[in-house]
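The structure presented is a predicted model; accordingly, all values stated were derived computationally and were not measured. When a residue number appears, it is its place in the shown sequence, counting from 1. Just so you know, these numbers use all the heavy atoms, side chains as well, and skip hydrogens, waters and symmetry mates.
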Amino acid sequence: MFRRKKGFTAAQSKLTSRRMQSATIGTHVSRRTRTPGRGANAEAVGFSNSRRSRRAARGVVDHVTPRTASGESSQAYSRRVSRRRFTEEIQHKARRRRVGVGVAVVLAVLLAAGGVGAVAFLGSVDGKLSLEGSNASEALVAQAAAEPYYLLCAASLGSAQGASGPEDDAYLLVRVDEAARTLTAVALPSNVQVRLSDGQEHPLYDAAALGGDAALVEAVASFAGVDIAHFARTDAQGIVHLVDAVGGVLVQVAEEVDDPAAGDVYVAAGEQALDGAAALTLLRASNYAGGTESQAENRAAFFFSLANKLVEVRGWDLLVRLDQTAGDVQTDWKALDVVSLADALRGPAVTYAACVPGYESERDGVAVFVASDDDWTAMMDRVRAGEDPNPPEADAPVVDPAGFTVAVRNGTDVTGSAARMAETLASQGFQVVETGNMGDYTTYPETLVVYRDTAHAQAAEAVAAALDVGRVVNGGAYYAFEADVLVVVGADYQPIV
């Protein structure tokens, strides 16, 4: 027979109430200091009605439920956690946390691997661009921040016949002004006379043979009177591959190219789309009617066109293009330097092209190009100032054709050229006092109008204007003649028959 369990006595209830006060109510309700001789602290606790307040004062507490933020009842909580979906949600959240952590780890690994890969890629491109085996860096002068600087480009072009030598090289001195977005390219004939470290004058192509790329850089820097900050070089194979890799170049050809010694490609004057083979022929050609000026203009136009083609893409695509073509050009620039330069010059830019003013001559049986010192100095002054290097065109001088004497000599292998030119000049009133042949048996590619005394400079200009052909030069002591002006008939002269 079961005995009924007795309820709490009043004493047990008070004891339990005091324990709960200490363990529960006092932990979340401000508590006053207990007054000796008094009972529970019911007066310090707020209750919903007076009955509960009186029961608490007697020390009777049935239940204390802390107020929650959600206000969810115990029955609702019990129903919620007992559902099967509640357990599934907890498991789903745990899985999502594990997947999130896994994805974060994978992304971190990929980013790290990408960084390592990018560094390796840039290192590979820089390695292909590097001037391996070159001592050019010994002569380069670091560019000043935010200031224009100079780049020397050298190309070994070879010849269409297969045999080649240093005289087939091409040189371009380029002033780069990133702030003004201006490029100025000055073509240097490979046989222009410069003074090298031995104190003697040599053709420019001898510099690299005597002291490597550093000697070449130093020779050009001394000749032009500027510091050179960067150097780049290529060769015939590199040019062909480079042009074909970018899909060809569009070049404004100053004068038609029809030179069997340069290649079997004919290029008409005007805007032409060139592949690698045609571009190489244009750069090699030397039999232009305009002589070195036309050659320089065509080479500079090719340089500008190729530079624009290379930087028409941006960012990563530009780096990929550099990777594809880096083996064709070697330079002291790094890949990111090229990207930075491309960003600075991308879009419309001012471009100037010029060639060294002077004339061709022969020394010890070797054809050389002699710069006209005064004109060259004046040109470089304009280049350094960021101006057009070419002097402003002046009107043809007004002089009396019969007021000075003219000698005409044949510098071609076409018999009678001097006589026909003399007839042309005489018909326009010029006083021709001598005709004959040049005594050095050299074929001159261009007609030269030579004067020695500056007093006859305008007379020489008048002769060139009347012929509509020929380059006026101060012959100095290189030509012997008694007349006031000497005309050397070149291969560019086409008499009317």
Side-chain angles (χ1 to χ4, degrees), residues 189 192-193 201 223 225 289-293 296 354-363 368-383 385 387-412 417-440 442 444-490 492-493 495:
V192 63
Q193 290 291 94
E201 287 194 339
F223 176 64
T292 56
E293 291 184 7
C355 66
V356 179
Y359 56 93
E360 289 190 332
S361 183
E362 183 175 319
R363 293 185 180 178
V368 296
F369 186 91
V370 181
S372 298
D373 293 339
D374 292 342
D375 293 339
W376 173 236
T377 300
M379 173 182 284
M380 285 308 302
D381 287 342
R382 292 190 291 270
V383 170
E387 302 171 355
D388 186 342
N390 299 293
E393 293 185 4
D395 295 332
V398 178
V399 296
D400 179 9
F404 58 93
T405 58
V406 180
V408 181
R409 296 177 185 172
N410 190 359
T412 74
S417 293
R420 283 194 289 270
M421 178 175 284
E423 292 174 0
T424 299
L425 291 173
S427 66
Q428 298 186 49
F430 290 95
Q431 185 181 356
V432 180
V433 296
E434 175 194 343
T435 59
N437 296 319
M438 291 297 292
D440 55 6
T442 298
Y444 287 74
E446 61 176 330
T447 298
L448 301 177
V449 182
V450 185
Y451 68 92
R452 289 177 300 184
D453 189 338
T454 55
H456 297 133
Q458 287 190 342
E461 294 285 354
V463 171
L467 293 172
D468 197 24
V469 68
R471 181 159 55 90
V472 177
V473 297
N474 185 341
Y478 296 106
Y479 297 89
F481 55 97
E482 298 296 331
D484 298 324
V485 175
L486 167 67
V487 179
V488 180
V489 182
D492 56 348
Y493 174 64

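Atoms CG and CZ, on Asn410 and Arg420 in that order, are 8.5 Å from each other to the nearest 0.5 Å.
Here Asp400 pairs with nothing under the salt bridge (Lys or Arg N to Asp or Glu O under 4.0 Å) rule; sequence neighbours left out. Asp373 meets the side-chain hydrogen bond (donor to acceptor under 3.5 Å, both in side chains) test with no other residue; sequence neighbours excluded. Partners of Glu360 under the side-chain hydrogen bond (donor to acceptor under 3.5 Å, both in side chains) rule, at least two apart in sequence or in another chain, do not exist in this structure. Contacts of Phe223 classified as ring pair (Phe, Tyr, Trp, His ring centres under 6.0 Å), with partners at least two apart in sequence or in another chain: Trp376. Contacts of Asp374 classified as side chain to side chain contact (heavy atoms under 4.5 Å, CB included), with partners at least two apart in sequence or in another chain: none.
At distances below 3.5 Å, not a single donor-acceptor pair connects side-chain atoms of Thr447 with backbone N or O atoms of Val469.
Counting heavy-atom neighbours within 6.0 Å of Asp468 CG, excluding the residue itself, gives a total of 12 or less.
Both cation-pi conditions hold for Arg452 and Phe481: the charged atom is under 6.0 angstrom from the six-membered ring centre and inside a 45 degree cone around its axis.
A 4.5 Å side-chain heavy-atom check between Arg409 and Glu434 finds at least one atom pair inside the cut-off. Side-chain atoms of Val487 and Leu448, non-hydrogen and from C-beta on, never get closer than 4.5 Å to each other. In this structure the side chain of Tyr444 never reaches within 4.5 angstrom of the side chain of Val489, judged on heavy atoms. Val485 places a side-chain heavy atom less than 4.5 Å from the side chain of Phe404.
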Could you pull out every donor-acceptor pair under 3.5 Å between side chains of residues 425-432 and any protein atom, sequence neighbours left out?
unit_1 : atom_1 : unit_2 : atom_2 : d
Ser427 : OG     : Glu423 : O      : 3.4
Ser427 : OG     : Thr424 : O      : 2.6
Gln428 : NE2    : Ala466 : O      : 3.4

